[in-house]
Colleague: 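This structure is in structure tokens; I'll ask about it shortly.
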Amino acid sequence: MSDTKEKGTLEQDARPTNFIRQIIDEEIASNRWGGRVATRFPPEPNGYLHIGHAKSICLNFGVARDYKGMCNLRFDDTNPTKEEQEYVDSIKADVRWMGFEWDNLRYASDYFDQLYAYAEALIQKGLAYVDSLTAEEIREHRGTLKEPGRNSPYRERSVEENLDLFRRMRDGEFPDGAHVLRAKIDMAHPNIVMRDPTLYRIRKATHHRTGDKWCIYPMYDFTHCLSDSIEGITHSLCTLEFKNNRELYDWVLDALEVYHPQQTEFARLNLSYTVVSKRRLIQLVKDGHVRGWDDPRMPTLSGIRRRGYTPEALREFCDRIGVAKADNMVDYSLLEFCVREHLNETAPRMMAVLNPLKVVIENYPEEQVDEFIFPNHPEHADMGERVVPFSREIYIERDDFREDPPKKFFRLAPGKEVRLRYAYYITCQEVIKDANGEIVELRCTYDPESKGGGTPDGRKVKGTLHWVSARHAVPAEVRLYEKLFTEEDPMDLPEGKHFTDVINPDSMKVVTGYLEPHLASAKAGERCQFERLGYFCVDPDTTPEKPVFNRTTTLRDSWARIERSQKK
RNA sequence: UGGGGUGUAGCCAAGUUGGCAAGGCAACGGGUUUUGGUCCCGUCAUUCGAGGGUUCGAGUCCUUCCACCCCAGCCA
């Protein structure tokens, strides 16, 4: 079997497949779009992107990439009261961070003139009318889920009157709420979306791009289909809750007799132990449960980025969760698996001690310093080496010593010998305690023969500990994160419980860590593994005086599992 | 009898004309290991929401039922 052939096969199999790609395959076979594939990622710039958007980004841009088509970034900016330039900037940055580049940058507001013309055309066709009912009255006329609605008394206005009124709406003659433009469809339609939906409303607000040029703004259902049509989109991919809106999407395009893209709906991502609804994310920030939109505990892309997740890991995650139509709740462990998988390959290994216990090596000369050269990655020599100093006093992790070790504990204990990673074997001779019985120091001896971590006699030691030379250690602020919520689905709780009731009080712990000196110069955004502890990255808060690290995620820990089962 | 959608393992998810229920995560065993990491090997659905039917044969076809999700913004 040739290596190249096998590799080619693997790549073929590794390509994500899902019902949307199958539809595209079939349409290519039947030449439905003349060989074109055109998608768009259409966020409203009213907040920050989150992990749920990552799925949509990967789907839309991924399809365009794999089918050699195009994907636009389009801001659905039709509601000036909610949208801000700040959000468009952050969204652009997030999409690029995810590793995608749009073919065209578009705004629904680019189309306000065309959209207005389409609206007049609809009026001319007798398919839209100006309604002068109040919002409340319109709601009353809409009927309910089980009862049909009633026609508005303004429904039969003439084309001339509608045109006149609509133009005067545009010209600012009426206050907010005085009139709306509605599609004339069917007030008894079983699909409520089709009961004469609102197409335009008066909003005397300044738009972040068009300023005060307009005082009427088109609604989503009128804007989205036409924007897709104008851009020549082939596949308008959106989430399941828009399924009912598809009938209206199709109605508008058919009524106007324009190019007609195909809307297809897929299930949005739900991630266990997190919330992604914009409203709840806002509350977490406003109520101070987190430090901001980019808090490393937040599911926003900016938070995830700050936490140290890589775009590669996120893309892999999106490929692995698939795209389907069933509601889902993806296990958080899959996301963690994906970062570990990527960081295991790419993160240099460093040493740091987060909960120090001082070890004095009695037979190691006071003034001596060994300057060891360590590989940055045990499997990738090309990642280079660095110098790590060793001296008489070192720190080890407090958890790595037990005065009374349980079964299967093969770290340090009185009289036991362990290896200090890449350095020496040491044996614990004495445990020093303070007046309260707290262990404050270990007195050990080392075997000079074991330099580098092995001995001529080849004797085995089971434990290998990470360590930092006390004299050379660089203190740093290290932020340790846990899940933000204690419940798998914070949105589905027993009666009377609110999602803020299940916020994990221990979701962030700040400790002082002692780092090997090499880490003193690490720059914000750099990632590494602290051996045996997890993957970490340098926080933007970092300064030369005081480095700040975030723990992205721990390493898998099978000892913790053994210990847990022993306690049972 | 409002309309629409979805049910395959703890989680995600393939399964397209009916023909041996993919794969991944998690979990659990074992091996290698100078990270209790990585890596490697193995186990994990006699059954596809439930019942009935058609068929030599049903996750797939027919039928009845059940559960869950979405829709009554001048939000998207």
Side-chain angles (χ1 to χ4, degrees), chain A residues 13 17-19 22 26 42-44 46 76 78-79 81-82 131 133-135 138-140 142-149 176-182 188-195 197-203 216-217 219-221 223-224 238-247 265 267 269 272 278 317 319-338 340-341 344-345 349 351 378-379 408-411 419-423 425 452-454 460-466 488 529-534 554-563:
Chain A
D13 293 347
T17 179
N18 55 55
F19 78 98
Q22 287 175 12
E26 286 158 17
E44 180 186 13
N46 69 341
D76 228 329
T78 58
N79 187 350
T81 60
K82 290 190 170 181
D131 197 354
L133 254 24
T134 64
I138 286 178
R139 177 159 45 77
E140 285 162 2
R142 187 151 30 230
T144 68
L145 293 177
K146 298 190 180 184
E147 298 156 16
D176 286 14
H179 309 281
V180 291
L181 183 73
R182 290 231 258 170
H189 200 108
N191 180 358
I192 292 174
V193 168
M194 299 297 279
R195 316 241 261 232
T198 300
L199 267 21
Y200 265 88
R201 77 289 214 187
I202 301 170
R203 266 265 206 297
I216 56 171
Y217 292 91
M219 300 286 290
Y220 164 84
D221 285 304
T223 307
H224 204 93
C238 63
T239 44
L240 250 26
E241 64 269 27
F242 290 100
K243 178 77 211 235
N244 296 329
N245 299 59
R246 184 160 101 204
E247 198 169 1
E265 308 83 13
L269 167 67
S272 63
K278 213 160 276 175
F317 174 71
D319 282 349
R320 283 173 183 258
I321 59 177
V323 178
K325 285 199 277 205
D327 294 327
N328 61 76
M329 171 73 75
V330 175
D331 218 292
Y332 195 85
S333 62
L334 181 60
L335 219 206
E336 288 195 307
F337 170 84
C338 292
R340 288 192 184 118
E341 184 184 46
N344 177 51
E345 284 303 307
R349 311 291 133 118
M351 291 211 286
E379 276 105 44
K408 291 187 185 169
F409 183 88
F410 45 83
R411 278 117 94 145
R419 171 167 38 232
L420 293 177
R421 170 139 249 226
Y422 296 137
Y425 289 3
K460 298 282 182 229
V461 288
K462 266 191 160 174
T464 300
L465 311 187
H466 57 97
E488 193 171 304
Q529 180 192 104
F530 289 173
E531 293 218 26
R532 304 210 299 141
L533 295 175
T554 59
L555 260 30
R556 282 184 65 217
D557 186 355
S558 53
W559 164 246
R561 227 167 274 139
I562 294 167
E563 206 178 22

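Chain naming here is simple, since letters A, B, ... match the order of the sequence lines and numbering starts at 1 in each.
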Colleague: With A:Glu44, which residues qualify under salt bridge (charged side-chain N to carboxylate O under 4.0 Å, His left out), at least two apart?
Modeller: none
Colleague: Mind checking what makes side-chain contact (heavy atoms from CB on, under 4.5 Å) contact with A:Ile192, not counting sequence neighbours?
Modeller: A:Arg142, A:Leu145, A:Arg195
Colleague: Closest approach to the side chain of A:Pro378, judged atom by atom: which nucleotide of B:rC74, B:rU35, B:rC71 is it?
Modeller: B:rU35
Colleague: How does protein contact run along nucleotides 4-12 of chain B, one letter per nucleotide 5' to 3', with B for base contact, S for sugar-phosphate only, - for none, heavy atoms under 4.0 Å?
Modeller: SSS----SS
Colleague: Quick one: is B:rA76 close enough that its OP1 or OP2 comes under 4.0 Å of any side-chain N or O from A:Arg201?
Modeller: yes
Colleague: Just to be sure I understand the rule, does A:Leu465 reach a base, reach only the sugar-phosphate, or reach nothing, if contact means heavy atoms closer than 4.0 Å?
Modeller: nothing
Colleague: Kindly write out the residues that satisfy side-chain contact (heavy atoms from CB on, under 4.5 Å) with A:Ala326, not counting sequence neighbours, or none if the list is empty.
Modeller: none
Colleague: Generate the contact string for nucleotides 38-43 of chain B. Rules: B means base contact, S means sugar-phosphate contact only, - means no protein heavy atom under 4.0 Å.
Modeller: B-----
Colleague: Nearest of B:rU35, B:rG2, B:rG36 to any side-chain atom of A:Glu531?
Modeller: B:rU35
Colleague: Could you work out, with ring pair (Phe, Tyr, Trp, His ring centres under 6.0 Å) as the rule, every residue matching A:Phe317, not counting sequence neighbours?
Modeller: none
Colleague: Please report the interatomic distance CD(A:Glu140) to CG(A:Leu133), rounded to the nearest 0.5 Å.
Modeller: 8.5 Å
Colleague: Measure the distance from CZ on A:Arg195 to P on B:rA72 and round it to the nearest whole Å.
Modeller: 11 Å
